Amino acid sequence: MTRSYLPGILAMAAVVVASNILVQFLFGQWLTWGAFTYPIAFLVTDVTNRVYGTGPARRVVLAGFVVGVICSLIGTQIMGEFGPLVTLRIAIASGLAFLTAQLLDVSIFAALRNGAWWRAPLASTLIGASVDTALFFSIAFSGALVWLEPGNDVSWAGDMLPILGTGPVAPLWVSLAVADWGVKVALALLALVPFRLIVARLTRAKAAAH
């Protein structure tokens, strides 16, 4: 049975690895290139959930989590200009946000799977992505959680600036979170098209195999 959704596991692993690499490269002032690849993880989870069920979807998520942990461990050993590419706070934030958001996505999708075809993937992705963004940026950069890694100076993230350069004043990390969340929302809407097409193709292939 595992062989049937092995492509989902491989796709999730590829998304996690690519995102961990691309997050090192800036895109504009508020984003990194990783912001555009990471949301694909929700598409992989939802397709697996629709075609194979919640059990396989959770296993795909756990595989992605393990790959993410490995990437974080490797990142802690690579020194950048300001220290390790992955700090303890980043590792905790990344792992906790991914696992919580993806498993929440699986549960919400399962609860809505009998509704209109678009409702489950859209709702589960929007809610999961929102939780993912909130957890990651608050754990990684909020001054209130500096005790997680006192030796890691992330005071730059607390600089008070207008949100996205135009909104009310807030810590810099809030702007980063808002920009990241906006990309996730946009991609959640765009992903409905490939979701529909991929599910149809896999469903036909699954039926033909039986």
Side-chain angles (χ1 to χ4, degrees), residues 2 5-52 56-82 84-106 121 124-126 128-137 139-141 176-177 179-195 197-199 201-202:
T2 303
Y5 58 88
L6 179 59
I9 292 177
L10 296 177
M12 181 64 82
V15 169
V16 171
V17 171
S19 298
N20 274 272
I21 294 172
L22 293 175
V23 75
Q24 308 300 325
F25 303 96
L26 293 175
F27 177 85
Q29 188 174 359
W30 313 107
L31 295 166
T32 70
W33 281 102
F36 298 95
T37 55
Y38 179 77
I40 299 174
F42 291 97
L43 173 62
V44 174
T45 299
D46 290 347
V47 168
T48 305
N49 203 341
R50 172 61 74 189
V51 179
Y52 302 107
R58 289 192 179 99
R59 285 188 279 276
V60 166
V61 167
L62 291 176
F65 175 73
V66 170
V67 171
V69 170
I70 293 173
C71 288
S72 292
L73 291 175
I74 293 174
T76 61
Q77 303 305 309
I78 301 175
M79 299 302 293
E81 183 179 357
F82 302 103
L85 291 183
V86 178
T87 63
L88 175 62
R89 285 186 69 174
I90 292 292
I92 293 174
S94 179
L96 185 59
F98 177 88
L99 194 60
T100 302
Q102 292 293 327
L103 291 179
L104 180 61
D105 179 288
V106 172
S124 61
T125 298
L126 289 178
S130 299
V131 169
D132 184 283
T133 297
L135 283 177
F136 176 78
F137 284 93
I139 294 172
F141 301 118
L176 302 179
D180 180 82
W181 179 78
V183 171
K184 288 190 175 88
V185 170
L187 292 182
L189 294 171
L190 293 174
L192 290 175
V193 174
F195 172 84
L197 296 175
I198 296 171
V199 165
R201 181 172 181 178
L202 292 179

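We use all heavy atoms of the structure for the numbers below, so side chains are in, but hydrogens, waters and symmetry mates are not. Note that the structure is a prediction, hence the values are computed from the model and not measured.
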Open item on the list: Distance check, rounded to the nearest 0.5 Å: L99 atom CG versus F65 atom CZ?
Closed with: 5.0 Å
- [ ] Taking all heavy atoms of A35 and all of L31, pick out the closest pair and write down the distance.
- [x] CB-CD2, 4.0 Å
Open item on the list: Under the criterion side-chain contact (heavy atoms from CB on, under 4.5 Å), I'd like the reasoning laid out for I139 against R89: C-alpha separation, chi angles, the key distance, then a yes or no.
Closed with: CA-CA 7 Å; I139 294 172; R89 285 186 69 174; 5.6 Å; no
Open item on the list: Please find the pair of heavy atoms, one from P39 and one from G34, that lie closest to each other, and give the distance.
Closed with: CD-O, 4.4 Å
TODO: Consider only side-chain N and O atoms of D180 and Y38, and report whether a donor and an acceptor are under 3.5 Å apart.
DONE: no
Task: Side-chain heavy atoms of M12 within contact of T45, under 4.5 Å - done: yes
Open item on the list: Under the side chain to side chain contact (heavy atoms under 4.5 Å, CB included) test against V47, which residue among L197, V60, V199 passes?
Closed with: V199
- [ ] For side-chain contact (heavy atoms from CB on, under 4.5 Å), just list the numbers for D132 and T100, CA-CA rounded to whole Å, side-chain angles, deciding distance to a tenth of an Å, and then say yes or no.
- [x] CA-CA 7 Å; D132 184 283; T100 302; over 6 Å; no
Task: Separation of T125 OG1 from K184 NZ (nearest 0.5 Å) - done: 11.5 Å
TODO: Return the set of residues passing side-chain contact (heavy atoms from CB on, under 4.5 Å) with L104 (not counting sequence neighbours), or none when no residue passes.
DONE: I108, I127, V131
Task: Exercise: identify the closest heavy-atom pair between T133 and A177 - done: CG2-O, 3.3 Å
Task: Nearest-0.5 Å distance that lies between atom CD1 in I198 and atom OG1 in T48 - done: 10.0 Å
Task: Main-chain N/O of V16 paired to N20 side chain as donor or acceptor, under 3.5 Å - done: yes
Task: Considering all heavy atoms, the nearest V15-T37 contact - done: CG1-O, 3.4 Å
Task: Approximate separation, where rounding is to 0.5 Å, of S19 OG and F98 CZ - done: 9.5 Å
Task: Straight-line distance of W181 CH2 to L176 CG, nearest 0.5 Å - done: 15.5 Å
TODO: State, to 0.1 Å, how close V44 and A11 come at their nearest heavy-atom pair, and which atoms those are.
DONE: CG2-CB, 4.1 Å
Task: Donor-acceptor contact below 3.5 Å, side chain S94 vs main chain A91 - done: no
Task: With sequence neighbours excluded, residues passing side chain to side chain donor-acceptor pair (under 3.5 Å) with W30 - done: none
- [ ] Taking the side chain as every heavy atom from C-beta outward, state whether V185 and L126 have any atom pair closer than 4.5 Å.
- [x] yes
- [ ] Give, for atom OH of Y52 and atom CG of L202, the distance between the pair rounded to the nearest 0.5 Å.
- [x] 5.0 Å
TODO: Please assess I90 against F141 for the test side-chain contact (heavy atoms from CB on, under 4.5 Å), listing each intermediate value before the final yes or no.
DONE: CA-CA 8 Å; I90 292 292; F141 301 118; 4.0 Å; yes
Task: Minimum heavy-atom distance V106-N49, with the two atoms named - done: O-ND2, 3.2 Å
- [ ] Return the set of residues passing ring pair (Phe, Tyr, Trp, His ring centres under 6.0 Å) with F36 (not counting sequence neighbours), or none when no residue passes.
- [x] F27, W33
